[in-house]
Amino acid sequence: MTNNTVFPVKLRETSKFDSVDFNNLSFGSIFTDHMFICHYDKGSWNNPEIVPYAPITLEPSARVFHYGQAIFEGMKAFKDADANLWLFRPNDNHIRFNRSATRLAMPEVPQEIFIEGLNQLVRLEEKWVKHDHGASLYLRPFMIATEPAISAAPSKSYKFMILASPARTYYQGDVRVLIAEKFSRSADGGVGYAKAAGNYAAQFYPTALAQKKGLQQVIWTDSNSHEYIEEAGTMNIFFRIGDTLLTAPTSDHILDGITRKSVIQLADSLGIPVEVRPISVSEIKEAVKKNTLKEIFGSGTAAVINPICGFEHGGELFELSAEEDSYASMLKNKLMAIQRNTVPDPFNWRHLVP
Ligand SMILES: *Cc1c(COP(=O)(O)O)cnc(C)c1O
């Protein structure tokens with residue numbers, strides 16, 4: 001994967017590092033000293049470089065502001081006990097990024113830029129990747145349309161950038177969710193499978209309504225019948241009924257999460273039965289009533305695995321009893337151990353940052 005590309009670097013004069021309180025990081029609000037940036041014009045990517053993290057200038061007519069051509073990725077870098085730096089399945093993020101790009105009529109970003117940009121930025125910012133339990137460097141590759149023109153057409157120019165933000169995996173407290181009966185995050189033939197910025201914008205309002213009712217997130221259901229469960233907020237979703245794990249199949253309205261597929265592979269390797277099939281709301285309500293629904297959890301890069309302890313549907317609140325031997329915490333610990341190189345990686349998921 002390495003091709004020894006060395007992008008030019010403009011170093012920041014003084015580091016912000018000493019002013020950062022690593023014990024009180026709020027997710028995604030502090031950025032490292034540098035960022036990666038690259039420009040697309042006349043059919044090719046040009047001038048990849050690492051520069052000090054700073055504001056960028058765009059014309060107010062830049063297409064991203066008007067028609068939302070914007071996509072992103074989310075991934076993490078980890079440091080092991082010997083100070084090696086690791087990425088987790090970065091090629092999968094690269095492939096997904098280009099899938100999103102194609103759907104939004106944006107150019108693909110070649111591997112030499114995406115992967116080598118990540119490698120070089122993480123290497124330069126290595127002191128920001130802490131080795132303490134739960135610490136990581138969150139990486140945010142993204143692309144925006146920059147052409148100054150507001151006719152409704154895809155942009156001819158773009159910026160691809162990577163930001164890095166020190167992070168920590170928190171226990172997020174009790175999470176209760178609202179199962180959507182009216183709103184949806186994606187539809188057949190839509191952009192739900194892409195990490196399009198607009199998918200997030202569309203979720204904020206229904207999520208805020210759920211939060212007013214004291215529920216932290218929305219479980220999205222299919223836009224046709226609202227009977228089939230798709231995702232939990234911005235995470236994929238798993239149910240444990242008896243000792244079996246259930247998750248919905250990916251489709252054009254469900255995002256193909258890298259944590260989701262890692263959980264499935266890991267559970268398989270541990271002999272946990274996994275069923276990937278449509279899951280109906282009635283089946284889940286039935287299972288709570290019969291006491292066979294033992295766990296619900298979301299999966300995604302930021303929280304890894306986030307347990308959900310109850311849900312509301314049809315005006316009724318359903319609570320799960322706490323599970324002693326939870327799959328959620330067992331799978332989370334195993335996944336985090338692989339990510340941090342404290343156990344072998346039989347799946348070949350870790351990528352050593354050169
Ligand atoms: C990013 C994302 C996920 C999680 O994907 P990971 O690769 O596991 O981080 C799940 N659902 C949605 C809608 C997402 O945007």
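When a ligand or atom number is given, it counts from 1 through the structure's own listing order.
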Minimum-distance pair of heavy atoms, taken over all atoms of Ile237 and Ala232: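 Looking at all heavy atoms of both residues, the closest pair is CD1-CB, 3.8 Å.
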Sole candidate of Ile264, Asn236, Leu335 that passes side-chain contact (heavy atoms from CB on, under 4.5 Å) when paired with Thr259: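 Exactly one pass, corresponding to Leu335.
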What protein heavy atom sits nearest [atom], and how far off is it?
atom	value
atom 9 (O) of ligand 1	Thr301 OG1, 2.6 Å
atom 5 (O) of ligand 1	Gly257 CA, 3.4 Å
atom 8 (O) of ligand 1	Thr259 OG1, 2.6 Å
atom 11 (N) of ligand 1	Glu231 OE1, 2.5 Å
atom 14 (C) of ligand 1	Lys195 NZ, 3.0 Å

Check: Phe88 ring centroid to Trp349 ring centroid under 6.0 Å: yes
Centroid-centroid under 6.0 Å between Phe22 and Phe17 rings: yes
Ligand 1 contact by Arg96, heavy-atom criterion under 4.0 angstrom: yes
Proximal ligand 1 atoms for Tyr200, defined as those under 4.0 Å from one of its heavy atoms: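 Listed by number with element: 1 (C), 2 (C), 14 (C), 15 (O).
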Atoms in ligand 1 flagged as close to Thr234, the criterion being non-hydrogen separation under 4.0 Å: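 What qualifies from ligand 1 is 2 (C), 3 (C), 10 (C), 11 (N), 12 (C), 14 (C).
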Arg185 contact mode with ligand 1 (heavy-atom cut-off under 4.0 Å):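 Side chain only; the backbone of Arg185 stays clear of ligand 1.
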Proximity of Ile258 to ligand 1 by residue part, where a heavy atom lies under 4.0 Å: both
Given Glu231, Glu230, Arg185, the one that forms side-chain hydrogen bond (donor to acceptor under 3.5 Å, both in side chains) with His253: Glu230
Salt-bridge contact Lys79-Glu126 (side-chain N to carboxylate O under 4.0 Å):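 Judged by the 4.0 Å cut-off on N to carboxylate O distance, Lys79 and Glu126 do not form a salt bridge.
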Steps toward ring pair (Phe, Tyr, Trp, His ring centres under 6.0 Å) verdict (Tyr327, Phe238): CA-CA 10 Å; Tyr327 283 177; Phe238 286 85; over 10 Å; no
